[in-house]
Protein chains: 2
Amino acid sequence: MADRQALILEAAVRVIARSGIRGLRVEDLAAEAGVSTALIYYHFKDRAGLVQRTLAFINDRAVGYTEEALQGAQDARDALLRLLLSELQETGAVRENSVAWGELRASAVFDDSLRGNLVGSTRDWVRDTAELVADAQAAGLADLRVEPLDVAERLTALVEGLSGRWLSGSLDVERARELLAGAVEAELGPRR
Amino acid sequence: MADRQALILEAAVRVIARSGIRGLRVEDLAAEAGVSTALIYYHFKDRAGLVQRTLAFINDRAVGYTEEALQGAQDARDALLRLLLSELQETGAVRENSVAWGELRASAVFDDSLRGNLVGSTRDWVRDTAELVADAQAAGLADLRVEPLDVAERLTALVEGLSGRWLSGSLDVERARELLAGAVEAELGPRR
DNA sequence: GTCTATAGGAAGATAGAC
DNA sequence: GTCTATCTTCCTATAGAC
């Protein structure tokens, strides 16, 4: 069984998914994890440290289902679509991650200390996406006139927009996935 | 000069733009507005009522610059672009509104009582956008094969995604506007 | 309508025993 | 390492005077 710290971090993800980063109460987390508040302070120093560590934990976990999503892709264009769709799934872990990610971005508007992490992760994601766009072009599966970085930046930003609507109850996940697939078609042009 | 309530509401917008909905402290607002906390409770009953009224106030104000953006549009396609770009401007009021809107969406993930307002406003915005897409098609300025509602839903969601990146410091406003213009081109196809 | 003063209740953080 | 108990700070909300 995992150690106490890991148990607390897993509980923290659940609490953040339920109440948000700013709604995270150390006492709630203690109850969720079945430990005392003092233990949390012992392991994580203070609330800010706890949040920091939880965000890093979430990021690591995301790598898992992202790579999983790429398994079995037919070609580069298919891989691109799968990568993007992997953020829009009604799965426990994905939803938790999406909520946390959205909260992180929303919180970073008011809290500089959260921006570093965020900007870096965003850039990585955009870069990976742009590479798949370029691969698709090289394989003759996408319009050669489009700029991979522009397309990647738009598609990933669209995922974030759709995700926000999904999680805030304006859009169901199936419709979001459909819209995203349509955007990929519009951006890359017909398969040649 | 406006009455006290309006002064408080204007101050509340500034405080929300600076600290977020969940970061709004009645005491901060009192200082910003130059009144006592008691007066705020006198006029708005409680914190929730204050937030509610402020959000409505922000919505009303947004109608102003939205309509302004449509002035001088050359044609339906141009009007569509202007409508969308009006959310991405480095102007005091627009930035304040964008921050508040993003916060509202982010908060609604955890607070059901905020969803009603949000879902309705989103639907209206998407509908107005879809109408402009249909107008552009009728005027021969957009590909007739695209579904106006799908395009509108994607473009408005993209605006929200770009706006989130802009406000959280991942993207500057000029780049965001450029990317958005590119998306309109990709979605509507070349002018015919 | 508006203020000063303060009650009352969360929530973060720590002391000290085990 | 982990807990119980508690300190302290911050924040919403109200009482009561003007």
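Just so we're on the same page: letters track the sequence lines, and every chain starts at 1.
- The interatomic distance linking B:Ile8 (CD1) with C:dG1 (C1') rounds to 10 Å, in whole Å.
- For the pair B:Tyr42 OH and C:dT2 C1', the interatomic distance rounds to 9 Å; values are reported in whole Å.
- Mapping A:Asp46 and B:His43 onto DNA chain C by nearest heavy atom places B:His43 closer to the 5' end of the strand.
- We find that B:Arg191 and B:Asp75 are joined by a salt bridge, their nearest charged nitrogen and carboxylate oxygen being less than 4.0 Å apart.
- The side chain of A:Arg25 contributes no N or O atom lying less than 4.0 Å from OP1 or OP2 of C:dA10.
- Cluster partners of B:Val63, using a side-chain heavy-atom cutoff of under 4.5 Å among ILVMFWY residues and allowing indirect links: none.
- Protein atom CZ of A:Arg22 is 17 Å distant from nucleotide atom C1' of C:dA11, rounded to whole Å.
- Within the nucleic acid shown, B:Ile40 has no heavy atom closer than 4.0 Å to any nucleic acid atom.
- Of all the residues in residues 26-35 of chain A, A:Val26 reach under 4.0 Å from DNA chain C with at least one non-hydrogen atom.
- In this structure, a donor-acceptor pair under 3.5 Å is present between the side chains of B:Arg165 and A:Thr156.
- For B:Leu39, the side-chain atoms get nearest to C:dT2 when compared with the rest of D:dA13, C:dA13, C:dT2.
- With respect to the salt-bridge test (charged N to carboxylate O, under 4.0 angstrom), the residues B:Arg154 and B:Glu147 do not qualify.
- Listed nucleotides: D:dT14, C:dG1, D:dC3. Nearest to the side chain of A:Ser36: D:dC3.
- The CG atom of A:Leu50 sits 15 Å away from the P atom of C:dA11 (whole-angstrom rounding).
- Within 6.0 Å of atom CD in A:Glu27, 12 or fewer heavy atoms from other residues, nucleotides or ligands are found, so the atom counts as exposed in its surroundings.
- Contact between the side-chain N/O atoms of A:Tyr41 and the OP1/OP2 oxygens of C:dA13 is found at a separation under 4.0 Å.
- Side-chain proximity of B:Ala38 to D:dT12, C:dT14, C:dC3: nearest is C:dC3.
- Annotation: side chain of A:Thr66 is not in contact with side chain of A:Asp128 (no heavy-atom distance under 4.5 Å).
- Open room surrounds CD on B:Glu68; 12 or fewer heavy atoms of other groups in view lie less than 6.0 Å from it.
- Going from atom NZ of B:Lys45 over to atom P of D:dA13 covers 9 Å, rounded to whole Å.
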